[in-house]
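All remarks here apply to the structure that follows.
One is the number of the first residue; the rest follow in order along the sequence. The analysis underlying the following values was restricted to heavy atoms, covering all of them including side chains, and did not include hydrogens, waters or symmetry mates.
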Amino acid sequence: MAEKLEPAKVLYCGVCSLPAEYCEFGPDFARCKPWLIENAPDLYPDLLKEANEKGVDNVSDKLQSVGISGADGAPSSSQTGGTSKKEEVKRLPGGKVKKKERLEVIIEKVVRNKRKCITIVKGLELFGIKLSDASKKLGKKFATGASVVKGPTEKEQIDVQGDIIYDIVEFITDTWPDVPERSIFFIEDGKKVQAG
C-alpha cells in the first residue's frame, strides 16, 4: 500500500496574508519586515542582520538625543528638535495610493455630427450641488436640453446641448457662490486651461 502524504504546513504573513517566503514579492514588503523578523527569522536572515544593525543605531541615536541642559536651564539644541508628523495616506490593495479628489469643475465641449455641440460639466457635486437641480437650472437658463448622465469614469456629469462653454462660467459663479472662478477649468485641445 502507498504511503499517505501529510499536507505541507505553510506559514502565512500576518500583514499581507501571502506565504512568508513570497512576502518580498508582495505589495508592501517594508510593512511585512517587522512581522517576518519576529515570526520567521530563518526565512530572511538578511533582515535579522539589518534589524540588529538598526537596533544598535537606534540605541546610539537615543543616547545622543539625551543631552545636558545648559547653565541657564535651557534644553540643548538636540532636545528641542521636534518630530515631524507623517501624512496619513490611504492605500488601496496592491500598494497603490489613493489620490485625494481636487475641488474643481471641468467644462468640456464635444462636437458630434460635425456641427452639433454638447457642453459637459463635471465636478459640481464636489461643491455640494445636486446635479439634478443644476441640470434643470442650466436647461432653463440656456433654453436647451440638459441631463445628468454617467461619464466614462462612472461619475455623474451634466450634458448640456449647445456650445455654451464660455457663458456657463459666469452662470455657475453667480448661481452657486461656493464655486470660486479659480476652480473652474476648460478642456481645450486636450489641455486643461483655467477659466477667466
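Going from atom CG of Asp178 over to atom CD1 of Ile172 covers 13.0 Å, rounded to the nearest 0.5 Å. Note that CD of Gln161 and OG of Ser147 are 7.5 Å apart. Values are rounded to the nearest 0.5 Å. Going from atom OG of Ser135 over to atom NZ of Lys140 covers 10.5 Å, rounded to the nearest 0.5 Å. Atom NZ of Lys155 and atom CG of Leu131 lie 12.0 Å apart (nearest 0.5 Å). Note that CG of Asp159 and CD1 of Ile118 are 5.5 Å apart. Values are rounded to the nearest 0.5 Å.
Clustering ILVMFWY residues whenever any of their side-chain heavy atoms sit less than 4.5 angstrom apart, transitively, puts Val121 in a cluster other than the one holding Ile106. Linking Ile, Leu, Val, Met, Phe, Trp and Tyr residues whenever their side-chain heavy atoms come within less than 4.5 Å places Leu43 and Phe29 in a single cluster. Cluster membership for Phe142 and Phe186, using ILVMFWY side-chain heavy atoms within less than 4.5 angstrom, is shared. At a threshold of 4.5 Å between side-chain heavy atoms, the hydrophobic network of Ile, Leu, Val, Met, Phe, Trp and Tyr places Leu124 and Phe171 in one connected group. Grouping the Ile, Leu, Val, Met, Phe, Trp and Tyr side chains by contacts below 4.5 angstrom, directly or via other members, places Ile184 with Leu103.
Partner of Val105 under the side-chain contact (heavy atoms from CB on, under 4.5 Å) criterion, out of Phe127, Phe185, Trp176: Phe127 alone. Among Lys109, Arg112, Lys116, the one residue that satisfies the salt bridge (charged side-chain N to carboxylate O under 4.0 Å, His left out) test with Asp163 is Lys109. Here the options are Ile168, Leu138, Ile107, Ile120, the test is side-chain contact (heavy atoms from CB on, under 4.5 Å), and the partner is Ile158; only Leu138 passes. Residue Val179 forms a side-chain contact (heavy atoms from CB on, under 4.5 Å) with just one option from Leu126, Asp174, Val169, Ile129, and that option is Ile129.
Nearest heavy-atom pair across Glu156 and Glu125 is O-OE1, 3.9 Å. Across all their heavy atoms, Cys13 and Cys16 have their closest contact at SG-N, 3.5 Å. Nearest heavy-atom pair, Val10 versus Pro19, reported as atom, atom and distance to 0.1 Å: CG1-CB, 3.9 Å. Minimum heavy-atom separation, Tyr12 to Ser17: CD2-O, 3.8 Å. In terms of heavy atoms, Glu188 sits closest to Tyr166 at OE2-OH, 2.8 Å. Here the closest non-hydrogen pair linking Pro152 and Gln157 is CD-OE1, 4.5 Å.
No donor-acceptor distance shorter than 3.5 angstrom exists from the side chain of Thr144 to the backbone of Val160, with no hydrogens or angles considered.
Side-chain atoms of Leu36 and Cys23, non-hydrogen and from C-beta on, do get closer than 4.5 Å to each other.
The pair Glu104-Lys192 meets the salt-bridge criterion, with a side-chain N (NZ, NE, NH1 or NH2) lying under 4.0 Å from an Asp/Glu carboxylate O.
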Show the numbers, then the answer: is there a side-chain contact (heavy atoms from CB on, under 4.5 Å) between Lys122 and Glu108? CA-CA 8 Å; Lys122 304 175 194 173; Glu108 182 179 4; 3.5 Å; yes
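Heavy-atom contacts from other residues, nucleotides or ligands closer than 6.0 Å to CD of Glu170 number 12 or fewer.
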